[in-house]
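When a residue number appears, it is its place in the shown sequence, counting from 1.
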Amino acid sequence: MDYEGFKAEVTTRIVDREGPGACVRVHRVRKNNGVMLDGLTIMREGENVSPTIYLEPFYDRYRRGADLDSLTDEILALYRSRSCAGKIDIGQFEDYGKLASGIRLRLVNYEMNRDMLKDVPHRRFLDLAGILYYDVRDPLFSNASVLIQNSFTEMWGVSPDELFETAERNMLLFEPAEIWPMGRMLSELRGMPDENTLPEFPLYVLTNKSRMFGAACMMYPGVFRQAAPVIKGDFFVLPSSIHEVLLLSPENVFDGEGLRRLVREINEDQVEPYEVLSNNVYYYDSEKGEIRIA
């Protein structure tokens, strides 16, 4: 069964299981870096919000032999675990005063997002761009966010500069930068609280408190100046993903082009296309206090 047939069959099976009161549809969703995914939603009468479940990973598993009934069960289980019955008050997005503390900053690749950037307030940073989003802090909508469009600034009567100033204050307050040795980060990810059980790595991880969209820390004022004493001077910045970057002393680099090639290979093989930040490598000059593309 090809992908189009798979989407149609999954939709039919979910409609059969959920009954006539459920509106099941598959729509195209634009993600970061221009990536387009097929999102399935299930909406019932009286609801105006539903979790979006992306079908591509399920089709990949189907092609590897997964049973269609089991995949349908998983999709429905995922929907029920994320679903919240009722409506979200769209009118709340008209009151900037109530939303201001939830404005956040995200860093994306400029060239890969040219079309999207036409519609949103943004600031250039090297080969990247800072954009804004609203963090929906309602516990019913875990990790939900709303991208801030140009039309929002008109509706709120707030300039893009003021929005970025607000986002910067919020990020420093709620999402402060953290610089961790790679060994410590790996210890935590592996559930090993004693970082000394791992070898010392010449790498440091720069991210934020929640580790969501933590690459935005690159735009925090003074963050690289604060990192320089930790790394003892200049350093390379490797764009690991939109969630974090890696800091590496030049003493540990024998081939700059090899470093760029390594970043490209990792982006191609290990990072989701919509989480890639850049294929470039950056260099921070601690004496000049400047960061540039290496």
Side-chain angles (χ1 to χ4, degrees), residues 27-37 39 41 43 46-52 82 84-177 207-223 242-243 274-275 277-278 291:
H27 57 285
R28 298 288 281 168
V29 179
R30 183 174 68 179
K31 302 282 282 185
N32 186 42
N33 295 335
V35 175
M36 300 297 293
L37 297 178
T41 57
M43 203 87 71
E47 298 177 350
N48 67 354
V49 62
S50 170
T52 299
R82 297 179 178 178
C84 54
K87 289 187 175 184
I88 185 171
D89 180 13
I90 304 299
Q92 68 176 306
F93 291 104
E94 297 178 1
D95 189 341
Y96 177 70
K98 293 181 179 179
L99 301 180
S101 64
I103 304 297
R104 300 284 188 270
L105 180 67
R106 187 183 300 181
L107 198 56
V108 300
N109 187 279
Y110 181 82
E111 288 296 334
M112 293 181 187
N113 292 281
R114 271 186 175 272
D115 288 342
M116 179 268 288
L117 293 172
K118 295 175 184 176
D119 302 321
V120 303
H122 63 277
R123 282 184 175 175
R124 289 294 303 270
F125 180 80
L126 301 170
D127 63 329
L128 311 171
I131 61 175
L132 303 166
Y133 69 99
Y134 173 68
D135 180 23
V136 181
R137 287 159 293 159
D138 190 319
L140 293 176
F141 302 97
S142 177
N143 294 328
S145 63
V146 177
L147 181 65
I148 294 179
Q149 309 277 338
N150 289 330
S151 58
F152 286 33
T153 66
E154 299 168 6
M155 176 176 65
W156 293 335
V158 179
S159 70
D161 285 343
E162 185 175 343
L163 285 176
F164 273 96
E165 290 170 5
T166 298
E168 182 179 296
R169 288 195 301 269
N170 289 340
M171 296 299 283
L172 294 174
L173 180 62
F174 300 112
E175 293 285 2
T207 186
N208 57 18
K209 183 178 180 180
S210 70
R211 296 175 200 158
M212 288 292 294
F213 310 121
C217 290
M218 290 179 69
M219 295 186 72
Y220 288 17
V223 69
I242 59 174
H243 302 298
Y274 51 85
E275 295 193 334
L277 183 60
S278 175
I291 185 168

request  = Verify the ring-centre separation between Y133 and F213: is it less than 6.0 angstrom?
outcome  =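 Centroid distance F213-Y133: below 6.0 Å, so yes.
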query = Is the shortest distance from a Lys or Arg side-chain nitrogen in R106 or D135 to a carboxylate oxygen in the other one below 4.0 Å?
reply =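 No salt bridge links R106 with D135.
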ask   = Would M219 and L128 satisfy side-chain contact (heavy atoms from CB on, under 4.5 Å), going step by step from the backbone distance to the final call?
value = CA-CA 10 Å; M219 295 186 72; L128 311 171; over 6 Å; no
Polar side-chain atom of N208 near backbone of M212 as donor-acceptor pair, under 3.5 Å =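 A pair under 3.5 Å: yes.
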request  = Give a yes or no on whether the backbone of S210 and the side-chain of E175 come within a donor-acceptor separation of less than 3.5 Å.
outcome  =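 Flag set: sc E175 to bb S210 pair under 3.5 Å.
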Would a 4.5 Å heavy-atom cut-off, applied to side chains only, mark [X] and [Y] as touching?
X	Y	value
R211	H243	no
R123	P160	no
L277	V108	no
P121	N150	yes

Just verifying a value: how many Å separate [X] [atom1] and [Y] [atom2], rounded to the nearest 0.5 Å?
X	Y	atom1	atom2	result
N113	N33	CG	CG	5.0 Å
M218	I291	CE	CD1	4.0 Å
F152	L163	CZ	CG	10.5 Å
I103	I148	CD1	CD1	3.5 Å
I242	L107	CD1	CG	9.5 Å
N170	R104	CG	CZ	5.0 Å

Exercise: identify the closest heavy-atom pair between [X] and [Y]:
X	Y	result
T207	C217	O-SG, 3.2 Å
L172	P221	CD1-CG, 4.4 Å
A100	T166	O-CG2, 3.4 Å
D127	S278	OD2-OG, 2.7 Å
L132	A167	CD2-CB, 3.5 Å

inquiry  = For Y110 and H122, take the angle between the two ring planes, folded into 0 to 90°, and tell me which bin it lands in: parallel under 30, tilted 30 to 60, perpendicular over 60.
reply    =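 It falls in the tilted class, 30° to 60°.
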